[in-house]
Number of protein chains: 2
Amino acid sequence: MRRVTIHDVAEAAGVSLATVDRVMNGRPGVRKTTIEKVRQAAETLNYTPDVFAAGLAKKRLYRFHFLIPDGPNAFMEDLSREARSHAVTMSGARMHVHVEPIDAFDGHRVAGTLAMLDRSACDGVAVVAPAFPEVRAAIDRLQARGVPVVTLVSDHPASTRQHFVGIDNIAAGRTAGRLMGRFLPKAPATIGLIAGSLGLRDHSDRYAGCREVVERDFPHLKLLKVREGRDDNARNADLVKKMLAEHPDLAGFYNIGAGSRGMIAALQASGRSGDIVCIGHELTPHTREALMSDVLDAVIAQDPGHEIRSAIRVLKALCDGVPIIEGQERIRIDVFLKDNLPDISELPDLPG
Amino acid sequence: MRRVTIHDVAEAAGVSLATVDRVMNGRPGVRKTTIEKVRQAAETLNYTPDVFAAGLAKKRLYRFHFLIPDGPNAFMEDLSREARSHAVTMSGARMHVHVEPIDAFDGHRVAGTLAMLDRSACDGVAVVAPAFPEVRAAIDRLQARGVPVVTLVSDHPASTRQHFVGIDNIAAGRTAGRLMGRFLPKAPATIGLIAGSLGLRDHSDRYAGCREVVERDFPHLKLLKVREGRDDNARNADLVKKMLAEHPDLAGFYNIGAGSRGMIAALQASGRSGDIVCIGHELTPHTREALMSDVLDAVIAQDPGHEIRSAIRVLKALCDGVPIIEGQERIRIDVFLKDNLPDISELPDLPG
DNA sequence: GGAAAAATGAGCAACGCACCTCAGAAGATC
DNA sequence: GATCTTCTGAGGTGCGTTGCTCATTTTTCC
């Protein structure tokens with residue numbers, strides 16, 4: 001079972017290696033009938049180019065920049081850790097993955113960072129795009145300069161970015177809404193909602209999804225106005241405390257964004273966590289522990305490892321000009337209860 | 001930013017290319033101190049072998065056999081389709097993936113198929129292992145012949161198989177149990193359980209997990225004895241009809257195995273699907289539709305695409321003698337509600 | 001039929017590594 | 001210090017492409 005090589009194709013088509021090469025790589029100067037002959041031969045022999053040989057010969061180098069927020073956010077830390085970990089494992093595959101921390105709340109700085117990139121330094125960019133117009137403009141300019149851009153986790157749908165790597169946040173919100181509705185008894189009750197900011201696209205999408213489901217399928221539940229805690233634990237704790245005091249019939253909390261730790265702490269301190277259905281996002285040591293101790297009832301999550309790997313695959317496909325397999329690149333919405341938590345050992349090791 | 005090659009390592013270590021090669025490939029005849037020198041140089045230069053060049057030079061061929069049940073089981077069909085689809089896409093990476101249909105209910109035949117494989121024809125086997133002792137013995141013998149074996153979807157923990165690619169079925173059962181408990185009101189009720197056969201390991205594991213959670217956290221729910229429908233739609237429909245008749249307070253169904261279609265049909269026919277919480281396994285066109293029409297309340301699933309890709313990665317790692325990254329290979333338990341169903345377009349296309 | 005243009009053949013040098021041989025140097029042993 | 005053993009260096013070849021060049025053949029068109 002030897003591999004089929006271009007030699008075999010050349011022989012079968014009755015042409016030379018050079019011609020096969022011209023056809024395979026779309027180079028000019030081949031008659032249409034000859035092209036067809038070669039195509040036929042390749043088809044019947046079931047020829048597929050050897051990726052190793054091609055990779056070696058092309059001596060292409062993929063230099064990707066990942067712009068990921070830093071700061072005290074466990075999910076972003078995981079994302080960044082995964083990216084750095086892949087920088088190591090992929091370096092043998094001619095990929096240089098550079099992770100650049102950004103400040104998600106400073107649109108100017110992020111736009112500035114994007115503005116400094118160009119084709120000479122970078123073959124693709126993945127960015128957790130904060131929802132500032134200047135960021136969108138910077139993405140568009142970067143694309144115009146010929147550098148493919150994908151958005152990561154948080155999208156800018158109106159931009160020219162090639163692809164979005166992340167979950168369908170409307171569906172995530174719907175899922176949270178349904179779990180809330182079904183976990184609660186079928187009786188009138190009030191639900192508290194906390195977001196980082198409704199200016200963030202992922203947060204507003206989740207809210208829209210949750211609201212849609214609750215209003216349609218659980219009309220006995222009343223959603224309170226969304227409070228914005230800027231993903232800050234202290235602020236979120238404060239908000240939870242206030243809402244609990246103001247609404248004695250409060251039966252559920254949905255934290256749309258990060259900073260679940262603050263909500264968890266406040267709820268635990270209130271002593272009412274047993275009666276209150278509480279749903280948050282992202283699997284972190286804190287949400288994990290809160291699930292185990294029944295403070296949190298469900299966690300909606302996305303897998304940072306999958307997202308990084310998907311972003312790398314997509315950027316590579318864009319560089320190579322090959323189509324993206326949409327099915328493989330769709331990021332699943334993970335639903336975690338205390339019963340299906342993955343082992344902690346899943347975090348990748350980083351050398352040094 | 002040129003790649004670091006063995007030339008650089010050789011120079012840095014002050015030795016020749018041949019010596020670097022000896023060290024890198026564990027060939028004999030190098031002094032310990034020299035080995036250390038080379039290791040150091042490689043380390044400080046951050047050398048990683050070029051996978052393309054190495055792959056080309058090694059001219060290794062990976063021939064993997066996937067033994068997957070055929071028959072009218074949508075999940076197994078998906079699994080098989082994914083495997084065949086990867087047979088195409090991976091052929092450029094020197095991988096030959098051969099999909100062999102097996103009869104999961106005929107242990108002798110499966111064992112016979114395994115017995116016919118050896119190193120001369122095959123470098124690795126992934127098998128959906130039915131729980132027969134002769135299958136286990138055949139797996140052990142195949143391993144002894146030097147062919148690495150991984151089990152897929154359904155495990156044989158007592159065998160010498162190198163790895164299991166599939167979900168933690170106990171956790172899956174626990175998840176189903178908790179969803180059942182939380183979706184139902186906090187009142188005494190009866191739950192019907194259907195499995196393909198408790199002789200199948202995945203089914204018995206799921207049952208154990210479900211029972212554990214229900215008995216501990218929802219003691220007001222009474223689990224009926226598990227009925228075995230052999231994953232057959234007609235039989236399952238029959239079982240559901242009987243149980244509904246026998247138990248007027250029946251408030252939930254958990255179909256532990258395949259054949260959800262039968263359960264769905266019977267439930268729909270009974271006109272009681274609105275009051276009954278119903279949970280099944282695996283995402284198929286039927287379970288998908290049943291979720292949308294509120295007949296099914298939740299589906300616990302595993303992603304066949306992930307499983308095939310993971311099996312291929314693991315087999316390749318076993319062939320190369322490199323360690324398996326456990327974290328990347330853990331298969332997630334998917335929880336689907338009507339709100340987070342992935343698009344249908346995820347199915348891979350098969351040429352021809 | 002002849003000139004110009006287009007198509008094709010032949011061949012070569014990378015690419016980075018694996019794997020091999022053979023000669024020669026360094027080290028151990030007495 | 002001679003001998004034997006163990007290490008090491010130098011060099012070559014092959015892996016299947018890519019991406020050239022240059023010569024040669026075939027086709028096209030006037």
Side-chain angles (χ1 to χ4, degrees), chain A residues 1-39 41-42 45-62 90-96 319-322, chain B residues 1-39 41-42 45-62 90-96 319-322:
Chain A
M1 267 255 249
R2 230 187 72 271
R3 270 198 67 80
V4 178
T5 73
I6 38 174
H7 289 84
D8 305 308
V9 178
E11 196 177 354
V15 299
S16 73
L17 288 176
T19 303
V20 175
D21 176 60
R22 289 185 183 108
V23 174
M24 287 313 185
N25 296 287
R27 276 183 260 278
V30 186
R31 222 179 315 160
K32 275 214 203 85
T33 59
T34 312
I35 294 185
E36 209 29 57
K37 255 199 312 190
V38 174
R39 282 251 145 77
L45 287 178
N46 198 14
Y47 167 76
T48 33
D50 186 310
V51 288
F52 295 126
L56 181 57
K58 272 207 266 268
K59 50 178 174 265
R60 181 114 172 54
L61 205 84
Y62 303 90
M90 303 299 268
S91 72
R94 285 185 151 76
M95 291 212 193
H96 289 189
C319 285
D320 294 343
V322 303
Chain B
M1 264 256 250
R2 232 187 73 268
R3 271 200 66 79
V4 178
T5 73
I6 38 173
H7 289 83
D8 305 308
V9 176
E11 196 177 353
V15 299
S16 72
L17 286 176
T19 302
V20 175
D21 175 60
R22 289 184 184 109
V23 174
M24 287 313 187
N25 296 287
R27 278 184 255 280
V30 187
R31 222 177 315 158
K32 276 212 203 87
T33 57
T34 313
I35 295 185
E36 208 30 55
K37 256 199 310 190
V38 174
R39 284 250 143 77
L45 287 178
N46 199 14
Y47 168 75
T48 32
D50 185 310
V51 289
F52 296 125
L56 180 57
K58 273 207 266 267
K59 50 178 174 266
R60 181 114 172 53
L61 207 85
Y62 303 90
M90 303 301 267
S91 72
R94 287 187 148 76
M95 292 213 191
H96 290 190
C319 285
D320 293 343
V322 303

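Bear in mind the structure is a predicted one, so any value in this text is a computation, not a measurement. Throughout, a chain's letter reflects where its sequence line sits, starting with A, and its residues are numbered from 1.
Closest to the A:Val15 side chain, of the nucleotides C:dG9, D:dC15, C:dC17, is C:dG9. Taking every side-chain heavy atom of A:Arg94 into account, C:dC15 is the closest of D:dT17, C:dC15, C:dA18.
Separation of atoms OH (B:Tyr47) and CE (B:Met24) is listed at 5.5 Å; rounding is to 0.5 Å. Taking CD of A:Glu36 as the reference point, atom CZ of A:Arg31 lies at 13.5 Å (rounded to 0.5 Å).
Looking at heavy-atom distances under 4.0 Å, A:Val9 makes no contact with the nucleic acid at all. Among the protein residues, B:Gly92 comes within range of no part of the nucleic acid, since none of its heavy atoms lies under 4.0 Å from any strand. When heavy atoms are screened at a 4.0 angstrom cut-off, A:Asp21 is found touching base atoms of the nucleic acid. As judged by a 4.0 angstrom heavy-atom cut-off over every strand, A:Arg60 is placed among residues making no nucleic acid contact.
The backbone N or O of A:Asp21 sits less than 3.5 Å from a side-chain atom of A:Asn25, completing a donor-acceptor pair. Judged by distance alone, with hydrogens and angles left aside, the side-chain atoms of A:Arg94 form no donor-acceptor pair with the main-chain N or O of B:Arg3 at under 3.5 Å.
For the pair B:Pro49 and B:Arg22, both in contact range of DNA chain C, the more 5′-proximal nearest nucleotide belongs to B:Pro49. For B:Lys58 and B:Thr33, each mapped to the nucleotide of DNA chain D holding its nearest heavy atom, the one lying further toward the 5' end belongs to B:Thr33. Remark on DNA chain D: of its neighbouring residues A:His7 and A:Ala18, the 5'-side contact belongs to A:His7, judged by nearest-heavy-atom nucleotide.
The side chain of B:Arg31 places an N or O atom within less than 4.0 Å of a non-bridging phosphate oxygen (OP1 or OP2) of D:dT8. For C:dT8, neither phosphate oxygen OP1 nor OP2 lies less than 4.0 angstrom from any side-chain nitrogen or oxygen of A:Thr19. Here A:Arg27 reaches the OP1 or OP2 of D:dG19: one of its side-chain N or O atoms lies under 4.0 Å away. Between B:Tyr47 and C:dG16, a side-chain N or O to OP1/OP2 separation shorter than 4.0 Å is absent.
As a whole-Å value, the separation of A:Leu17 CG from C:dA13 C1' is 15 Å.
B:Thr5 places none of its side-chain heavy atoms less than 4.5 Å from the side chain of B:Asp50.
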